Amino acid sequence: DTEVTQTPKHLVMGMTNKKSLKCEQHMGHRAMYWYKQKAKKPPELMFVYSYEKLSINESVPSRFSPECPNSSLLNLHLHALQPEDSALYLCASSQRTGEKNYGYTFGSGTRLTVV
Amino acid sequence: KNQVEQSPQSLIILEGKNCTLQCNYTVSPFSNLRWYKQDTGRGPVSLTIMTFSENTKSNGRYTATLDADTKQSSLHITASQLSDSASYICVVSAPNAGGTSYGKLTFGQGTILTVHP
C-alpha cells in the first residue's frame with residue numbers, strides 16, 4: 001500500500017460548523033503533514049507531525065486543530081472557519097531517512113468550501 | 001532565501017508533440033529535487049526524484065535532468081497525450097534540520113501544461 005488516503009473528498013461547511021478531515025497511510029512513514037493549497041498556487045505547509053508529536057506549526061490560526069492519534073492517522077479539526085479558508089487541503093507523509101527525505105507522498109486532497 | 005523558479009508559467013502543445021519544462025533553484029543545502037504532476041483539484045503525484053549525484057531519471061514518457069552545479073533541472077515529456085494536461089511542480093528538498101524527521105520542501109509555482117488534440 002503506497003497511498004495516502006484522505007476523507008472526505010469534498011466538504012461544504014458553514015462558519016459555525018465543526019468538522020474534521022481525515023488522513024491515513026500504511027507505508028510506515030513516521031512524518032505526516034497538512035498543507036493548504038489555494039487555486040493556482042503551490043501548497044503551503046500548515047503542520048508537521050514527527051513520531052506522532054507536533055513538531056511544526058506554521059503560525060496557523062487556532063480554528064485549525066491537528067491531531068495524530070497513531071502513526072497511521074492524522075486528523076485536522078475545523079471550527080469557526082472563514083470563507084477565505086476555502087481551499088484544497090492536502091495530507092502528506094514521508095519516511096525518516098536522515099538527510100534523504102525520500103517517499104514524500106501526497107493524498108488526493110479534501111476540497112473544502114466554507115459558506 | 002530558498003527559491004524555486006519554473007518556466008514557462010504555461011504551455012500549450014498539440015497531442016503527440018514533445019515539450020520541456022524548466023526549473024531553477026537556489027535552495028542550499030540541497031537534498032533532492034522532485035517533479036510532481038497535479039491535476040486540477042487533486043493531490044500532487046510524484047513523477048521523479050533525484051539526489052545530488054543523479055543527473056537523469058526517467059519514468060515512462062517523463063525524463064528529468066538535474067545539473068547540481070548550475071542548480072537547474074528540466075522535465076521532458078515525449079509524445080504528449082491529452083491526459084498530460086496538468087500542472088507540473090518542481091519541488092526542492094533541503095536536508096533534515098534540527099534532528100527532525102522531515103525535510104523542508106520549497107515548491108515552484110508550477111507550469112500549467114495544456115495538450116490539445
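Quantities reported herein were computed from a predicted structural model and do not represent experimental measurements. Below, read A as the first sequence line, B as the second, and so on, with proteins coming before strands; counting in each chain starts at 1.
In the hydrophobic clustering of this structure, Ile77(B) groups with Leu11(B); members are Ile, Leu, Val, Met, Phe, Trp, Tyr whose side-chain heavy atoms approach within less than 4.5 Å, directly or through other members. One hydrophobic cluster holds both Val60(A) and Leu112(A) under the rule that ILVMFWY side chains link at heavy-atom gaps under 4.5 Å.
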ask   = What do the steps show when you test Phe107(B) against Leu45(A) for side-chain contact (heavy atoms from CB on, under 4.5 Å), and what is the final call?
value = CA-CA 10 Å; Phe107(B) 290 81; Leu45(A) 183 65; over 6 Å; no
task = Output, in order, the C-alpha distance, side-chain angles, deciding distance and verdict of side-chain contact (heavy atoms from CB on, under 4.5 Å) for Lys40(A) and Thr40(B).
result = CA-CA 9 Å; Lys40(A) 300 188 179 182; Thr40(B) 301; over 6 Å; no
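Considering only heavy-atom pairs separated by less than 4.5 Å from chain A, the leading option among Pro44(B), Ser87(B), Ser46(B), Pro29(B) is Pro44(B).
The side chain to side chain donor-acceptor pair (under 3.5 Å) search around His76(B) returns Thr20(B), not counting sequence neighbours.
Heavy-atom neighbours of Gln82(A) CD from other residues, nucleotides or ligands within 6.0 Å: above the threshold of 12. No more than 12 heavy atoms of other residues, nucleotides or ligands shown are found within 6.0 angstrom of NZ on Lys18(A).
A disulfide bond (SG atoms under 2.5 Å apart) check over residues 39-95 of chain B, counting only residues at least two apart or in different chains, returns the pairs Cys23(B)-Cys90(B).
Within the 4.5 angstrom heavy-atom criterion, only side-chain atoms of Gln37(A), from C-beta onward, approach chain B.
A distance of 11.0 Å separates CZ of Arg42(B) from CZ of Arg111(A), quoted to the nearest 0.5 Å. To the nearest 0.5 Å, atom OG of residue Ser94(A) and atom CG of residue Leu105(B) are 8.0 Å apart.
Among all heavy-atom pairs drawn from Pro42(A) and Gly108(B), the shortest one is CB-O, 3.5 Å.
Taking the centre of each ring, Tyr104(A) and Tyr36(B) stay at or above the 6.0 Å mark.
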